[in-house]
K.L.:
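What follows is a structure written as structure tokens; I'll ask about it next.
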Amino acid sequence: MTSVVSSSQRTIRIGSRKSQLALVQTYWVQEQLQKSFPQIKFEVHTMATQGDKILDVALAKIGDKGLFTKELELGMLNQEIDFAVHSLKDLPTRLPEGLALAAITERENPADALVVHEKFKDKQIDTLPPGAIVGTSSLRRLAQLRHHFPHLEFKDVRGNLNTRLSKLDAGEYDALILAVAGLERLGMGDRVHQVLPASVSLHAVGQGALGIECRADDIELISMLKAIEHPQTRDRCLAERAFLRDLEGGCQVPIGVNTAVSGDTLTLSGIVASVDGQNLVQDTVSGTTADAEKLGTELANRLRQQGAQSILEEIFKTIQRGS
Ligand code: DPM
């Protein structure tokens with residue numbers, strides 16, 4: 001009998017960053033796939049990415065193209081691993097030749113959260129006192145919060161969630177802004193003091209969802225990965241990613257979004273803001289979910305007409321100057 005390499009004989013190697021959050025996410029994906037395909041062996045291989053090695057420099061200053069994904073992508077292209085699990089918001093909107101975004105899993109709450117020091121446990125984002133120090137390294141969060149709350153102070157913060165939370169508890173910051181999803185996945189949902197409404201902070205593109213990337217020609221694997229895809233999350237995230245791609249924004253620009261699906265209708269809101277929070281354009285489009293990516297492009301066009309391009313060019317210049 002001629003033998004074909006069927007999926008029943010295959011061992012599939014999953015690539016992951018080593019951070020606690022990355023591993024929790026990767027093991028979750030492994031478990032889901034193992035349930036759907038009990039005959040296949042799924043192995044986790046960890047790799048450090050540039051973003052894991054550079055911990056003391058503000059994210060926006062070290063460039064953004066694939067900071068947390070490049071090494072994993074090379075691993076796939078070199079056949080060392082078969083697919084990689086990413087926080088979708090860390091995955092650039094343009095993938096290297098030969099790789100594909102095979103699946104997007106069900107999104108957790110995509111919003112940003114306010115986490116406070118004990119002494120401010122009776123405060124919300126709009127009642128923190130003037131001069132309160134808010135930690136974030138996200139230009140998106142910074143720009144929107146500066147716009148709404150110019151009396152607050154903002155300070156860079158890096159490191160993993162535990163490091164950040166200990167700095168907060170030690171009094172180095174009065175509050176932090178973090179993704180609800182990351183805190184919840186690490187079992188620290190109790191640290192979410194306030195879920196920031198969209199009127200205060202539009203979340204990052206893809207926030208709260210996982211993106212599974214693999215070689216574009218691995219048809220067998222791509223069809224298996226569909227087992228863990230969440231179609232509604234995929235529609236929302238494809239619209240968000242098309243919007244960001246069209247504006248040529250990387251992961252580290254002040255661009256935020258919000259999406260909702262009701263029946264077949266997808267609604268996408270987006271914001272582009274200057275880092276000082278002074279200049280800001282925002283709009284909303286809706287249409288059928290089948291046109292998710294077109295809606296992203298439409299919103300990008302509308303915001304460009306309202307001046308998004310010059311806001312972004314200013315930011316790219318500043319980042320290049322390294323200030
Ligand atoms: C990206 C940003 C941040 C991460 C920028 C942004 C936050 C950086 C910071 C692109 N990636 O959101 O505007 O606050 O210093 C990251 C987190 C998660 C994935 C942590 C977080 C968990 C949530 C998720 C870092 N990447 O945002 O608090 O999976 O969406």
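Everything quoted here is computed from the prediction, not taken from an experiment. Order of listing sets the numbers, starting from 1, for every ligand and every atom in it.
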K.L.:
Relative to the heavy atoms of Leu178, which atoms of ligand 1 are at a distance of less than 4.0 Å?
P.N.:
28 (O)
K.L.:
Can you tell which part of Leu210 has a heavy atom less than 4.0 Å from ligand 1: side chain, backbone, both or neither?
P.N.:
neither
K.L.:
Report the part of Arg164 (side chain from C-beta onward, or backbone N, CA, C, O) that has a heavy atom under 4.0 Å from ligand 1; answer both or neither where that applies.
P.N.:
side chain
K.L.:
Within the 4.0 Å heavy-atom shell around Ser137, which atoms of ligand 1 are there?
P.N.:
9 (C), 14 (O), 15 (O)
K.L.:
Pick whichever of Lys89, His86, Gln207, Gln25 has a heavy atom sitting closest to atom 27 (O) of ligand 1.
P.N.:
Lys89
K.L.:
Please say whether Gly208 places an N or O atom under 3.5 Å from an N or O atom belonging to ligand 1.
P.N.:
yes
K.L.:
At under 4.0 Å between heavy atoms, which part of Ala204 makes contact with ligand 1: side chain, backbone, both or neither?
P.N.:
side chain
K.L.:
If the cut-off is 4.0 Å to any non-hydrogen atom of Arg185, which atoms of ligand 1 fall inside it?
P.N.:
29 (O)
K.L.:
Decide whether an N or O pair under 3.5 Å exists between Ala209 and ligand 1.
P.N.:
no
K.L.:
Looking at Cys214 and Leu225, what are the two nearest heavy atoms and their distance?
P.N.:
SG-CD1, 4.2 Å
K.L.:
With backbone taken as N, CA, C and O and side chain as the heavy atoms from C-beta onward, which portion of Arg158 lies under 4.0 Å from ligand 1: side chain, backbone, both, or neither?
P.N.:
neither
K.L.:
I'd like to know if the side chain of Ser262 and the backbone of Thr265 have a donor-acceptor N/O pair within less than 3.5 Å.
P.N.:
no
K.L.:
Looking only at heavy atoms, which two atoms of Leu178 and Arg141 are closest? And how far apart?
P.N.:
C-NH2, 3.8 Å
K.L.:
Report yes or no: does Glu106 contribute a side-chain atom to a donor-acceptor pair with the main-chain N or O of Thr233 at less than 3.5 Å?
P.N.:
no
